[in-house]
Amino acid sequence: MARKKKEKKAKKVPEGEELQEGKKKGKKKLLLIPLVLIVVAAVAAAAVLFILPRFGIDLLGGKEPGPGEEEPPKNLETFIGGEPISQEEGEDIQDITISLDTLLEEGEGTLLAVRKPDPALKSEGSSDASSSSSAEPDPGVPTYTYIYDVPAPAAAVDRYLDAVLGGEEGFVLVDETYLHLEERPELSDALGSLIIARPSVQEGHVFQIMVGWSEASTLTFRASAPEGAIHEPPDPEDQLGLGSQVVETASLEEQMEKIKGLSPTQLGLEGDSMDAYELLPVEGFVTVDSLPCRRFNVYTRHDSAHGSYTDIVSIIMLSTDQQHVYYMDPVSNAVTELR
């Protein structure tokens with residue numbers, strides 16, 4: 001009997017050990033899930049803390065209310081940007097456009113807060129040179145901030161772009177330098193930011209709205225009217241690709257007329273007119289002083305008892321913008337800009 005009891009006890013010991021080992025293994029597996037969630041949360045936090053703030057968009061907001069924050073209206077009709085401008089007739093005008101509220105259906109989103117600019121800020125006081133060439137937020141420019149809680153921000157922003165791009169509202173997509181972007185981006189709920197702009201009612205300024213959102217935070221619209229001007233990309237029909245460089249170029253006929261209109265003395269030649277010389281363009285382009293140029297060989301014709309023949313007397317290179325003329329010595333290949 002004593003032997004049987006000992007055997008039973010001996011059997012119970014490995015079972016307990018096996019159970020404890022199973023629990024330990026289970027804990028290791030369960031720990032992997034929180035680690036994955038922490039990594040995902042860290043990536044989202046980095047986007048909110050470091051990527052979007054580059055566009056002046058602080059989606060976290062903080063617990064403290066921002067300057068001029070007020071109770072949001074139930075039905076906000078317009079976004080405001082910049083300061084009121086007084087006209088000679090005595091009326092004030094201001095940059096305004098439709099708000100996101102006018103496009104949201106019930107349950108699609110909520111306006112959480114409206115932050116007005118600090119009254120101490122004056123748009124005239126911003127004289128930083130960067131404000132005239134960049135959409136980066138200028139702390140000296142009065143800005144209205146509208147903060148929304150929207151479960152599907154990409155769809156909401158897409159709908160807003162449909163309403164304000166072109167048409168009566170007249171906005172266009174731009175980059176940080178106010179370059180008009182012709183291609184509309186594909187939006188994702190996870191993270192996004194973009195800038196739209198149009199000329200401001202204040203001369204020399206643009207009415208811009210910077211939009212930003214992330215999965216971890218809110219959808220924010222920042223409206224302001226900094227100094228600047230929207231500029232268009234060069235027309236592809238008036239450009240010529242030279243490797244990775246894209247430059248404006250005159251036609252071959254225009255450049256031929258340009259050289260024929262010059263005085264021979266300007267090109268280091270003899271005579272009173274370029275009509276005494278033959279001009280032959282060389283196919284392709286060369287780069288001089290980082291400028292793309294067409295090359296033209298200049299010949300003079302000689303008559304003899306055995307017929308006529310030509311001699312090359314000069315090599316002229318004309319920049320594609322027709323602003324620079326270069327002479328290349330046919331012997332030494334030395335290049336000199338002609339004034």
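These numbers come from a predicted model, not from an experiment.
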Got a donor-acceptor contact below 3.5 angstrom from the D149 side chain to the T218 backbone? no

Using a 3.5 Å distance criterion without hydrogens, assess whether the side chain of S99 forms a donor-acceptor pair with backbone atoms of L76. yes

Check ion pair E105-R159 (N to O, under 4.0 angstrom): no

Parallel, tilted or perpendicular: which describes the rings of Y148 and F221, with under 30° parallel and over 60° perpendicular? perpendicular

S188 meets the side chain to side chain contact (heavy atoms under 4.5 Å, CB included) criterion, sequence neighbours left out, with A190

Does the pair F171 and I230 meet the rule for a side-chain contact (heavy atoms from CB on, under 4.5 Å), with working shown? CA-CA 10 Å; F171 281 94; I230 299 170; over 6 Å; no

Using a 4.5 Å cut-off on heavy atoms from C-beta on, say whether the side chain of L161 contacts that of L194. yes

Is any side-chain N of the basic residue among R198 and D95 closer than 4.0 Å to the acidic one's carboxylate O? no

Please report the C-alpha distance between V298 and L267 in whole Å, then the side-chain angles of each, then the deciding distance to 0.1 Å, and finally whether the side-chain contact (heavy atoms from CB on, under 4.5 Å) criterion is met. CA-CA 10 Å; V298 183; L267 303 178; 5.5 Å; no

Ignoring hydrogens and geometry, is there a side-chain-to-backbone donor-acceptor pair from Y160 to I98 under 3.5 Å? yes

Exam field: side chain D101 to backbone E77, donor-acceptor pair closer than 3.5 Å: no

Side-chain contact, heavy-atom cut-off 4.5 Å: R184 with D162? yes

I'd like to know if the side chain of Y327 reaches the main chain of Q266, judged simply by a donor and an acceptor atom lying under 3.5 Å from each other, with no hydrogens or angles considered. no

Partner residues of S319 under the side-chain hydrogen bond (donor to acceptor under 3.5 Å, both in side chains) criterion, sequence neighbours left out: D321

